Amino acid sequence: MIILPMTHELPEGLNIADWLLDARVREGRGNRAALLTDQGTLTYREVQELANRFGRLLHSAGVEPEQRVIIALPDGPEFVAALFGTLKVGAVAVMVNPQLTVDAIEYFYAYTRATVALVHRHTAPAFQGAHRGGGGGGGATHLKQIIIVGEPGTTRAIAGASPELETFPSHRDDAAIWLVSGGATGQPKAVVQSHGSFANTTLRYGQGVLGLTERDITLAVPKLFVGYATGSNLFFPFSVGAAAALFPKRAPPRRCSRRFGGFGRPCS
């Protein structure tokens with residue numbers, strides 16, 4: 001049996017972007033495959049550099065530590081980089097379904113008081129409409145900027161940003177991510193998760209129960225904005241230097257077995 005430390009034994013200074021990503025590069029695993037995507041394979045060093053560029057982009061947008069950043073992106077390198085980039089600047093990520101309706105987006109703008117939203121160009125119109133109050137909710141009073149990933153201007157800004165960024169020295173009890181409920185009993189609500197809680201779950205379940213190693217490849221049917229997939233298909237594999245398979249579209253069993261059956265047992 002593997003004996004792992006309890007939450008209170010985690011270091012007080014803990015930022016999971018450093019713990020899950022920067023640490024793999026420091027360990028000499030920078031050239032290992034981290035993400036297997038439609039855009040190709042990215043190594044840990046490449047993911048780190050892209051995350052640093054996203055962090056620089058958020059700095060330029062005026063994002064400060066502890067402010068909320070909405071991430072509404074399809075699964076892929078940009079989602080992962082946006083998430084880690086948000087954490088690296090000390091901000092708090094709120095991951096939402098990129099296919100939300102305008103009125104649902106207005107609700108999240110008001111509820112989270114997010115200062116910046118990272119959205120994809122294919123779904124940007126709904127987020128822009130919500131910013132203007134197109135759903136009847138009066139618009140977003142705290143939102144400073146919508147960054148549209150995939151637009152030429154954003155692509156140039158990311159490419160021109162420095163790949164170096166010092167990670168904010170978060171405390172293990174600082175908020176890292178607001179995990180959003182499905183809203184089955186009313187409007188969606190956020191469960192505020194700290195850096196320490198994610199580290200503890202990763203140690204206890206990802207390593208202690210699943211026993212993941214750097215030789216593994218993970219694949220999740222839910223998308224990364226769902227807390228289950230955030231852990232099982234990103235945080236857990238990254239904690240041991242394994243690889244995560246990501247793709248942007250829905251994941252019915254036939255697609256999983258056809259595209260990723262070679263990785264092991266097809267998902268269902």
Side-chain angles (χ1 to χ4, degrees), residues 1-37 39-56 58 75-91 93 158 161-174 176-177 193-220 224 229-246 263-264:
M1 178 181 293
I2 301 174
I3 305 299
L4 296 169
M6 294 296 288
T7 304
H8 65 267
E9 295 178 16
L10 291 166
E12 287 195 13
L14 178 66
N15 184 309
I16 53 172
D18 177 84
W19 193 73
L20 293 168
L21 179 57
D22 297 344
R24 302 294 82 78
V25 177
R26 289 197 300 270
E27 294 165 353
R29 298 179 180 181
N31 293 327
R32 287 190 59 82
L35 298 177
L36 310 177
T37 77
Q39 302 174 41
T41 298
L42 275 74
T43 66
Y44 276 91
R45 181 170 289 106
E46 290 171 330
V47 174
Q48 182 192 49
E49 291 180 352
L50 188 58
N52 288 343
R53 294 179 192 274
F54 266 86
R56 294 281 185 180
L58 292 172
D75 283 14
E78 292 81 6
F79 185 109
V80 176
L83 175 56
F84 282 126
T86 298
L87 297 170
K88 284 174 77 72
V89 301
I158 293 171
S162 171
E164 302 291 332
L165 178 66
E166 183 176 353
T167 301
F168 183 81
S170 298
H171 189 278
R172 67 188 178 202
D173 294 333
D174 286 345
I177 296 174
Q193 297 283 347
S194 68
H195 291 267
S197 67
F198 279 114
N200 191 56
T201 303
T202 299
L203 288 170
R204 287 291 176 182
Y205 189 72
Q207 296 180 22
V209 176
L210 298 181
L212 291 176
T213 73
E214 66 177 12
R215 298 185 300 275
D216 289 312
I217 297 172
T218 62
L219 172 66
L224 286 178
T230 311
S232 65
N233 204 32
L234 184 59
F235 290 173
F236 293 177
F238 270 49
S239 74
V240 295
L246 302 176
F263 293 165

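The structure presented is a predicted model; accordingly, all values stated were derived computationally and were not measured. The first residue in the sequence is number 1, and the count goes up from there.
The two residues Q193 and F198 come nearest to each other via the heavy atoms CB-CE1, 3.3 Å. The nearest pair of heavy atoms linking N233 to A245 is ND2-O, 3.1 Å. Here the closest heavy-atom approach between residue L42 and residue E46 is recorded as CA-OE1, 3.2 Å. Annotation for A51 and L21: closest pair CB-CD2, 4.1 Å, computed over non-hydrogen atoms. Across every non-hydrogen atom of P77 and Q39, the tightest pair is CD-NE2, 3.6 Å. When all heavy atoms are compared, the tightest approach of T213 to D216 is N-OD2, 2.8 Å.
Side-chain contact between I177 and L83 is present, with at least one heavy-atom pair separated by less than 4.5 Å. Between L203 and L10, the closest side-chain pair of non-hydrogen atoms falls below 4.5 Å. Looking at L219 and L36, their side chains never come closer than 4.5 Å, going by heavy atoms from C-beta outward. Here the side chains of F235 and T201 are not in contact, with every heavy-atom distance at 4.5 Å or above. Using a 4.5 Å heavy-atom cutoff, the side chains of L246 and L234 are not in contact. Residues I158 and L50 form a side-chain contact, since some pair of their non-hydrogen atoms from C-beta on lies under 4.5 Å apart.
Ring centers of F54 and F84: at least 6.0 Å apart, outside the cut-off.
Checked by atom type and distance alone, the side chain of R45 never pairs as donor or acceptor with a backbone atom of R29 at under 3.5 Å. Judged by distance alone, the side chain of T43 and the main-chain N or O of G30 form a donor-acceptor pair under 3.5 Å. Between the side chain of R56 and the main chain of A161, no donor-acceptor pair closer than 3.5 Å is present. Between the side chain of R32 and the backbone N or O of G241, at least one donor-acceptor pair lies under 3.5 Å. Between the H195 side chain and the I16 main chain, a donor and an acceptor come within less than 3.5 Å of each other. For T230 (side chain) and L224 (main-chain N/O), a donor-acceptor pair under 3.5 Å exists by modelled atom type. Within the 3.5 Å criterion, the main-chain N or O of S197 finds no donor-acceptor partner in the side chain of R172.
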Report task. Output, in order, the C-alpha distance, side-chain angles, deciding distance and verdict of side chain to side chain donor-acceptor pair (under 3.5 Å) for Q207 and S239. Result -> CA-CA 8 Å; Q207 296 180 22; S239 74; 3.1 Å; yes
**Report entry** side chain to side chain donor-acceptor pair (under 3.5 Å) between N52 and S162, worked out
**Finding:** CA-CA 7 Å; N52 288 343; S162 171; over 6 Å; no
**Report entry** side chain to side chain contact (heavy atoms under 4.5 Å, CB included) assessment of V89 paired with F168
**Finding:** CA-CA 5 Å; V89 301; F168 183 81; 5.8 Å; no
Report task. Check step by step if side chain to side chain donor-acceptor pair (under 3.5 Å) holds for D173 and S194. Result -> CA-CA 5 Å; D173 294 333; S194 68; 5.0 Å; no
Report task. Mind running side chain to side chain donor-acceptor pair (under 3.5 Å) on N15 and K88 for me, showing each step along the way? Result -> CA-CA 7 Å; N15 184 309; K88 284 174 77 72; over 6 Å; no
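Here the straight-line distance linking atom CG of L20 with atom CG of L87 works out to 9.0 Å at 0.5 Å rounding. Between T167 atom OG1 and Q48 atom CD the span is 7.5 Å, to the nearest 0.5 Å. Going from atom CD of E214 over to atom CZ of R24 covers 10.0 Å, rounded to the nearest 0.5 Å.
Taking 4.0 Å as the cut-off between side-chain N and carboxylate O, R26 and D18 count as a salt-bridged pair.
The number of heavy atoms from other shown groups lying within 6.0 Å of CD (E166) does not exceed 12.
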